[in-house]
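Here is how names work: the chains are called A, B, and so on, in the same order as the sequence lines, proteins then strands, and each is numbered from 1.
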4 protein chains.
Amino acid sequence: MDMNFMLELVEKGSVTVPSLLIENYHGIGLNEQECMVLIQIHSFLSKGDDFPTFDDLASRMSFDETACADCLRSLIQRGYLAIIQKNDRKIYSEAYSLEPLWNKLIRAAYSKRVSKVSTENDD
Amino acid sequence: MDMNFMLELVEKGSVTVPSLLIENYHGIGLNEQECMVLIQIHSFLSKGDDFPTFDDLASRMSFDETACADCLRSLIQRGYLAIIQKNDRKIYSEAYSLEPLWNKLIRAAYSKRVSKVSTENDD
Amino acid sequence: MDMNFMLELVEKGSVTVPSLLIENYHGIGLNEQECMVLIQIHSFLSKGDDFPTFDDLASRMSFDETACADCLRSLIQRGYLAIIQKNDRKIYSEAYSLEPLWNKLIRAAYSKRVSKVSTENDD
Amino acid sequence: MDMNFMLELVEKGSVTVPSLLIENYHGIGLNEQECMVLIQIHSFLSKGDDFPTFDDLASRMSFDETACADCLRSLIQRGYLAIIQKNDRKIYSEAYSLEPLWNKLIRAAYSKRVSKVSTENDD
């Protein structure tokens, strides 16, 4: 039994992806490639790396770095992703923020819920 | 504060996706569309629904049902997905199994590890 | 390499526990034993088993079945857990619901947030 | 709708706890209080904070700092937790490691599996 390999399996574990994203990405205007880029960024963020390079992202995907950069630019322009300034003990740095994405997903889920409730009340 | 909506957010929660898949899907020959289909199936399985319909899957994705069926067929033929017979108290039914996927991912991670360890020993 | 064992490790995977619970159980009046019982119930629920027996729960814990039943009764009386009637295609059955718990946790997190925001505005 | 609060709910999200721990902590000799301390440490580690203070831990639990320190010391002595030296760009620091815990859990799950398989073969 290769204990070190099994430790790696258990410790690397899982990425938790909000069900909101898995169930509604298409509803808010994303395709599968864009959704996977956002899942990759979420995975880096949740492990404490808040500004992965294009290469970090592209090495796990079917794009090259240029296509990856294009995809990120488009996601930022269309309001799914933001780059924010961080200020950690006077050291400034940049970080990705998925707040715009969660914002859109929450609004979409809320509209769906409101329209569902009002339909039920009409019955 | 719309408590029911917030309960929904917390209760629906997250899907846990093994890091092995997020980090290595491209390495084992999958593209983003295929990876997202497998994440959808994993999400249904982990909530106890082990045979989602083409419509269940397609309604969350950028494909229609036909394209979804084609994608699943291809994943099965190429050995990433299986359909198994379940026997629950003498009631037979079909279910998707992701065992072939995890199998490929574990083998890929293991080979990577072995080659890394042997490179380190060469130094 | 024992592939079946590793498949088991990956497939069993992880239980996702809302951070709200991990960070605030003590703040809403639970001790560690009660929190672990609720995590066990959450773990069964999220795998689709919504009415685990006292024995299912006790076999994973440091209590016997009687202590487990006492603990559940107390959690229900104090409003952290509920037993609900389910109606699945005309078959009635009972199920645990953690809605009261999430409700308390959301309210607690919301009060904390409101008081924090109002303190910041006072500065 | 308080969007900021809902963003907080979604972004804070969930802690993924390996099922191995939830299902087997008692089997490897831990009680509920010890298991919850280890879940707290796991939660800090997985968010990139690898050396939470006694106060960080105690503030979420039913213990005070002294009891928390005693509990950690006991977990280290009994081989469930370790403190390791980290060397990040020549800056040395200390960090908790849960490797001893995962190690014990994997061995326990493996023994259970082997004895189950051999019993089945005896039938």
Side-chain angles (χ1 to χ4, degrees), chain A residues 2 4-44 46-47 52 56-64 67-68 71 102 105-114 116-117, chain B residues 2 4-44 46-47 52 56-64 67-68 71 102 105-114 116-117:
Chain A
D2 183 336
N4 285 327
F5 180 58
M6 275 183 276
L7 275 173
E8 204 182 291
L9 286 186
V10 172
E11 291 202 310
K12 268 199 155 183
S14 305
V15 180
T16 54
V17 185
S19 305
L20 274 180
L21 178 59
I22 305 280
E23 295 174 17
N24 300 299
Y25 69 88
H26 184 53
I28 60 163
L30 295 166
N31 64 28
E32 280 71 29
Q33 289 200 326
E34 293 162 338
C35 184
M36 278 308 303
V37 173
L38 294 167
I39 290 176
Q40 298 291 0
I41 290 175
H42 172 69
S43 144
F44 280 99
S46 63
K47 282 169 187 164
D56 288 336
L57 295 165
S59 69
R60 298 172 169 196
M61 305 193 69
S62 71
F63 319 151
D64 61 14
C68 182
C71 181
W102 309 134
L105 286 166
I106 291 170
R107 286 185 195 283
Y110 191 72
S111 312
K112 222 194 258 180
R113 185 184 158 75
V114 168
K116 203 179 131 205
V117 171
Chain B
D2 183 338
N4 286 326
F5 180 58
M6 276 183 276
L7 275 172
E8 204 182 292
L9 286 185
V10 173
E11 290 202 311
K12 266 199 156 182
S14 305
V15 181
T16 54
V17 184
S19 305
L20 272 180
L21 177 59
I22 306 280
E23 295 174 16
N24 299 299
Y25 69 87
H26 183 53
I28 62 164
L30 296 165
N31 64 28
E32 279 72 29
Q33 290 202 325
E34 293 162 339
C35 183
M36 278 306 304
V37 174
L38 294 167
I39 290 176
Q40 298 290 2
I41 291 176
H42 172 67
S43 145
F44 280 99
S46 61
K47 282 169 186 164
D56 289 336
L57 295 166
S59 69
R60 300 173 169 195
M61 305 194 69
S62 69
F63 320 151
D64 60 13
C68 183
C71 181
W102 308 134
L105 286 167
I106 291 169
R107 286 185 196 285
Y110 192 71
S111 311
K112 224 196 256 180
R113 186 186 157 74
V114 168
K116 203 178 130 207
V117 170

Sequence neighbours excluded - salt bridge (Lys or Arg N to Asp or Glu O under 4.0 Å) pairs with any residue from residues 12-31 of chain A
K12(A)-E23(B), E23(A)-K12(B), E23(A)-K47(B), E23(A)-R60(B)
Got L9(B) and L20(A) here, is their nearest side-chain heavy-atom distance under 4.5 Å?
yes
Partner chain A: residue of S19(B), S43(B), C35(B), S59(B) with the largest heavy-atom pair count (under 4.5 Å):
S19(B)
Is a donor on one side and an acceptor on the other found under 3.5 Å between the side chain of T16(B) and the backbone of S14(A)?
no
Looking only at heavy atoms and a cut-off of under 4.5 Å, which of S62(A), G13(A), A109(A) has the most pairs with chain B?
S62(A)
Under 4.5 Å, heavy atom to heavy atom, which residues of residues 27-34 of chain B contact chain A?
E32(B), Q33(B)
Closest non-hydrogen contact found for I106(A) with F5(B) is O-CZ, 3.6 Å
Ignoring hydrogens, what is the shortest heavy-atom contact between Q40(B) and I22(A)? Give both atom names and the distance.
NE2-O, 3.0 Å
